[in-house]
Enquirer: 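Sharing a structure here in structure tokens format.
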Amino acid sequence: MTKNPTLNSSWISDWRPEDEAFWNATGKTIARRNLIWSIVAEHIGFSVWLIWSIVTTKLPQAGFHYTTDQLFQLVAVPGLIGALMRFPYTFAVTTFGGRNWTIFSAAILFIPTLSLAYFVSQPDTPFWLMLLIASTAGLGGGNFASSMTNISFFFPDRMKGWALGLNAAGGNIGVSSVQLLTPILMTLAVFNLFQATPVDGVFLQNAGLMWVLPIAVAVFGAVFFMNNLTTAKSSVKNQLAIVKRKHTWIMAYLYIGTFGSFIGYSAAFPLLIKTQFPTVTIAIAFLGPLVGSLSRPLGGWLADKLGGSIITLWNFIAMAAATIGVLYFVGQKDFIGFLSMFLILFVTTGIGNGSTYRMIPSIFREENLFKVRGKGDVARAAALKTASIESGAAVGFIGAIGAVGGYLIPSGFGKSIAMTGGPQLALAIYLAFYGSCLALTWWFYLRRGPQTEGAPSLAEARV
């Protein structure tokens with residue numbers, strides 16, 4: 001007889017979220033508890049990932065003689081490393097267990113926070129070494145892939161959009177937290193463990209030290225309140241099957257447009273304000289990631305109700321319109337207009353994050369069910385399990401590729417400013433990219449035509 005899940009079991013062997021009786025009796029409580037602590041760990045991961053978006057704006061006054069392009073590189077490199085880390089993190093959950101990997105991925109964040117705290121108090125640090133230190137912040141970016149993969153196994157298909165949206169939003173708000181709290185805490189001497197001398201009243205090392213206690217709390221919570229699922233165990237080989245799926249790559253491209261835009265703009269926003277509107281305080285920068293994070297569950301909820309593809313289509317239209325607005329107002333040097341358009345852009349990145357992520361499990365479910373049409377309940381159950389494994393791997397893999405936007409967007413702004421003196425060239429390229437995302441969404445997921453033999457009609461399925 002299969003052992004029933006309990007609050008104290010590290011590994012749960014009996015997990016049937018699609019069974020309504022099981023879900024209402026025990027599954028719901030356990031899933032929500034794991035979701036809460038997953039959000040805590042992911043929130044801190046995002047905060048660590050984006051630390052440098054604020055720290056770079058203070059480096060010049062602290063005596064670091066780096067160029068504007070170099071400062072944008074310090075912001076961009078954690079995005080690239082975070083994206084690369086998401087590939088192994090995606091497959092870690094099904095290899096080591098969601099709880100076990102959360103413990104490890106949270107604990108390892110002591111490396112970027114403590115190393116930052118030391119080296120930002122050394123103004124003679126060469127750029128290459130500071131770039132290396134900044135790259136370790138990318139460890140925080142990897143958490144998203146493992147967290148989303150893990151949570152996708154806990155909830156029934158009808159609730160995945162809501163659960164994944166909430167999990168992602170809780171993590172995304174970490175960007176806003178770090179950009180709101182860091183400027184405040186850098187003015188306080190309460191964490192001055194390295195006895196550094198403040199420059200213009202700023203304790204840069206606090207940007208790293210402020211996260212030490214929260215990281216410890218996240219590790220504690222994962223140890224005592226999270227679970228591993230034996231049903232989520234799978235070989236890397238089985239999961240890598242998603243690489244051969246056409247829709248994995250299409251959705252990865254679309255996710256660069258949504259999440260890549262969110263994390264890229266979040267990283268670049270404070271420094272972009274600093275360079276384009278020098279008289280404006282960067283303390284206002286947290287508003288962008290905040291509204292983007294809060295709108296993500298809305299995107300997941302709307303996708304659950306109306307279908308992810310239709311929400312994604314209209315969202316890319318709105319993103320393009322907001323980008324045109326940013327282009328206009330940055331050229332006019334109108335900060336109010338610039339901020340308003342950018343906040344709209346952030347909201348649309350959040351909605352798009354939720355809607356595109358909701359599409360992924362729906363696509364894999366429809367494709368696997370199509371293969372077993374008419375073959376009976378046993379084949380259908382096996383197809384649903386395969387779909388769960390594949391979509392879990394896909395959300396992490398697609399999240400990894402999407403995170404590349406965290407490097408491309410800040411780097412693009414840096415290069416655009418270095419070449420032309422302003423960010424307009426980069427914005428025009430991003431606008432063209434949104435146009436291509438819009439076309440792909442319509443062509444593959446909303447265009448109604450004759451059904452291809454061997455493949456389901458995803459437009460009819462309203463993925």
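No hydrogens, no waters, no symmetry mates; every other heavy atom, side chains included, goes into these values.
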Enquirer: Check whether R296 reaches the backbone of L166 with its side chain - one donor and one acceptor, N or O, closer than 3.5 Å.
Expert: no

Enquirer: Quick one: does any side-chain atom of R33 pair with a main-chain N or O of F225 as donor and acceptor, under 3.5 Å?
Expert: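 Judged by distance alone, yes, a pair lies under 3.5 Å.
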
Enquirer: Looking at A137 and V48, what are the two nearest heavy atoms and their distance?
Expert: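 In this case the closest contact between A137 and V48 is CB-O, 3.5 Å.
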
Enquirer: Given the side-chain rings of Y255 and Y357, with only the six-membered ring counted for Trp, is the space between their centroids under 6.0 Å?
Expert: yes

Enquirer: If we ignore hydrogens and angles and just use 3.5 Å, is the side chain of Q179 paired with the main-chain N or O of L290 as donor and acceptor?
Expert: no

Enquirer: N34 side chain to N227 main-chain N or O, any donor-acceptor pair under 3.5 Å?
Expert: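 Answer holds: yes.
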
Enquirer: Specify the closest pair of heavy atoms between K58 and I282, including all atoms of both residues, with the distance to one decimal.
Expert: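 That would be CE-CD1, 4.3 Å.
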
Enquirer: Does the side chain of V55 reach to within under 4.5 Å of the side chain of W52, using non-hydrogen atoms?
Expert: yes

Enquirer: Check whether any side-chain heavy atom of T94 lies under 4.5 Å from a side-chain heavy atom of F153, and answer yes or no.
Expert: yes

Enquirer: Counting distance only, does the side-chain N/O of N315 pair as donor-acceptor with the main-chain N or O of I311 below 3.5 Å?
Expert: no

Enquirer: Taking atom CH2 of W162 as the centre, does the number of heavy atoms from other residues, nucleotides or ligands within less than 6.0 Å exceed 12?
Expert: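 It does: W162 CH2 has more than 12 such atoms within range.
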
Enquirer: State whether the side chain of N206 and the backbone N or O of L185 hold a donor-acceptor pair below 3.5 Å, judged by distance alone.
Expert: yes

Enquirer: Given the side-chain rings of F96 and F104, with only the six-membered ring counted for Trp, is the space between their centroids under 6.0 Å?
Expert: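 Centroid distance F96-F104: not below 6.0 Å, so no.
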
Enquirer: Could you tell me which residues satisfy side-chain contact (heavy atoms from CB on, under 4.5 Å) with A403, sequence neighbours excluded, listed by chain and number?
Expert: W49, A83, R86, F259

Enquirer: Minimum heavy-atom separation for S176 to P289, with atom names?
Expert: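 Residues S176 and P289, closest heavy atoms: N-CB, 3.8 Å.
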
Enquirer: Distance-only, no hydrogens or angles: does the N172 side chain make a donor-acceptor pair with backbone N or O of G292 under 3.5 Å?
Expert: no

Enquirer: Give the minimum heavy-atom separation between A106 and V219, together with the two atoms involved.
Expert: CB-CG2, 3.8 Å

Enquirer: Quick check: do D69 and I417 have side-chain heavy atoms less than 4.5 Å from each other?
Expert: no

Enquirer: Using the side chain to side chain contact (heavy atoms under 4.5 Å, CB included) rule, take Y89 and T149 through it: C-alpha gap first, then chi angles, then the decisive distance, then the call.
Expert: CA-CA 9 Å; Y89 273 51; T149 300; over 6 Å; no

Enquirer: As an exercise, state the distance from CE of M251 to CD1 of I401, rounded to the nearest 0.5 Å.
Expert: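 M251 atom CE to I401 atom CD1 measures 11.5 Å (nearest 0.5 Å).
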
Enquirer: In sequence, state the C-alpha distance, the side-chain angles, and the governing distance for I344 and V326, and then conclude on side chain to side chain contact (heavy atoms under 4.5 Å, CB included).
Expert: CA-CA 10 Å; I344 293 173; V326 173; over 6 Å; no

Enquirer: Using ring centroids (six-membered ring only for Trp), state whether F433 and Y253 fall under 6.0 Å.
Expert: yes

Enquirer: Is there a donor-acceptor contact under 3.5 Å linking the side chains of S355 and T312?
Expert: yes

Enquirer: Is there a side-chain contact between I363 and T248, using heavy atoms and a 4.5 Å cut-off?
Expert: no

Enquirer: Over 60° means perpendicular and under 30° means parallel, so classify the ring planes of F335 and F277, tilted if in between.
Expert: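 Perpendicular: the ring planes of F277 and F335 meet at over 60°.
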
Enquirer: Which pair of heavy atoms, one from L272 and one from P423, lies closest together, and at what distance?
Expert: CD1-CB, 4.0 Å

Enquirer: For residues P112 and I51, determine if any side-chain heavy atom of one lies less than 4.5 Å from a side-chain heavy atom of the other.
Expert: no

Enquirer: Between T230 and I12 (side chain of the first, backbone of the second, donor and acceptor by atom type, cut-off under 3.5 Å), is there such a pair?
Expert: yes

Enquirer: For a side chain to side chain contact (heavy atoms under 4.5 Å, CB included) check, start with the C-alpha distance between L109 and N143, then their side-chain angles and the critical distance, and finish with the verdict.
Expert: CA-CA 10 Å; L109 297 180; N143 288 13; 4.0 Å; yes

Enquirer: Should we say atom CZ of F110 is surrounded by more than 12 heavy atoms from elsewhere, each under 6.0 Å from it?
Expert: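 Check passes, neighbour count above 12.
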
Enquirer: How would you list, by chain and number, every residue that makes a side-chain contact (heavy atoms from CB on, under 4.5 Å) with S147, sequence neighbours excluded?
Expert: S38, E42, N167

Enquirer: To the closest 0.5 Å, what do you measure between CH2 (W249) and CD1 (I242)?
Expert: 8.5 Å

Enquirer: Please report the closest heavy-atom contact between L35 and I151, naming both atoms and the distance.
Expert: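 Answer, listing the atom of L35 first, then I151: CA-CD1, 3.7 Å.
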
Enquirer: Is the shortest heavy-atom distance from the side chain of Y265 to the side chain of L345 under 4.5 Å?
Expert: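 They are in side-chain contact.
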
Enquirer: Heavy atoms, side chains only, cut-off 4.5 Å: are L131 and L74 in contact?
Expert: yes

Enquirer: Let me see the working for Y445 and L254 under side chain to side chain contact (heavy atoms under 4.5 Å, CB included), right down to the final yes or no.
Expert: CA-CA 12 Å; Y445 304 117; L254 298 183; 4.2 Å; yes

Enquirer: Within a strict 4.5 Å, meaning less than it, do heavy atoms of the V330 and M341 side chains meet?
Expert: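 The answer is no; the side chains never approach within 4.5 Å.
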
Enquirer: When you measure from the side chain of S295 to the backbone of V347, do you find a donor-acceptor pair of N or O atoms at a distance under 3.5 Å?
Expert: yes

Enquirer: Kindly compute the distance separating CD1 (I108) from CG (L139), expressed to the nearest 0.5 Å.
Expert: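 Nearest 0.5 Å value for the CD1-CG distance: 5.0 Å.
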
Enquirer: Has the side chain of S309 got a donor or acceptor atom that lies under 3.5 Å from a matching backbone atom of V463?
Expert: yes

Enquirer: With rounding to the nearest 0.5 Å, note down the distance linking CG in L71 to OG in S53.
Expert: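 Going from CG on L71 over to OG on S53, the span is 12.5 Å.
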
Enquirer: Find the distance between CG (L339) and CD1 (I284) and round it off to the nearest 0.5 Å.
Expert: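 Answer rounded to 0.5 Å: 5.0 Å.
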
Enquirer: Ring-plane angle category for F413 and F72, please: parallel below 30°, perpendicular beyond 60°, tilted otherwise.
Expert: tilted

Enquirer: Atom CZ in F262, atom OG1 in T349: separation rounded to 0.5 Å?
Expert: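 Between atom CZ of F262 and atom OG1 of T349 there are 6.0 Å.
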
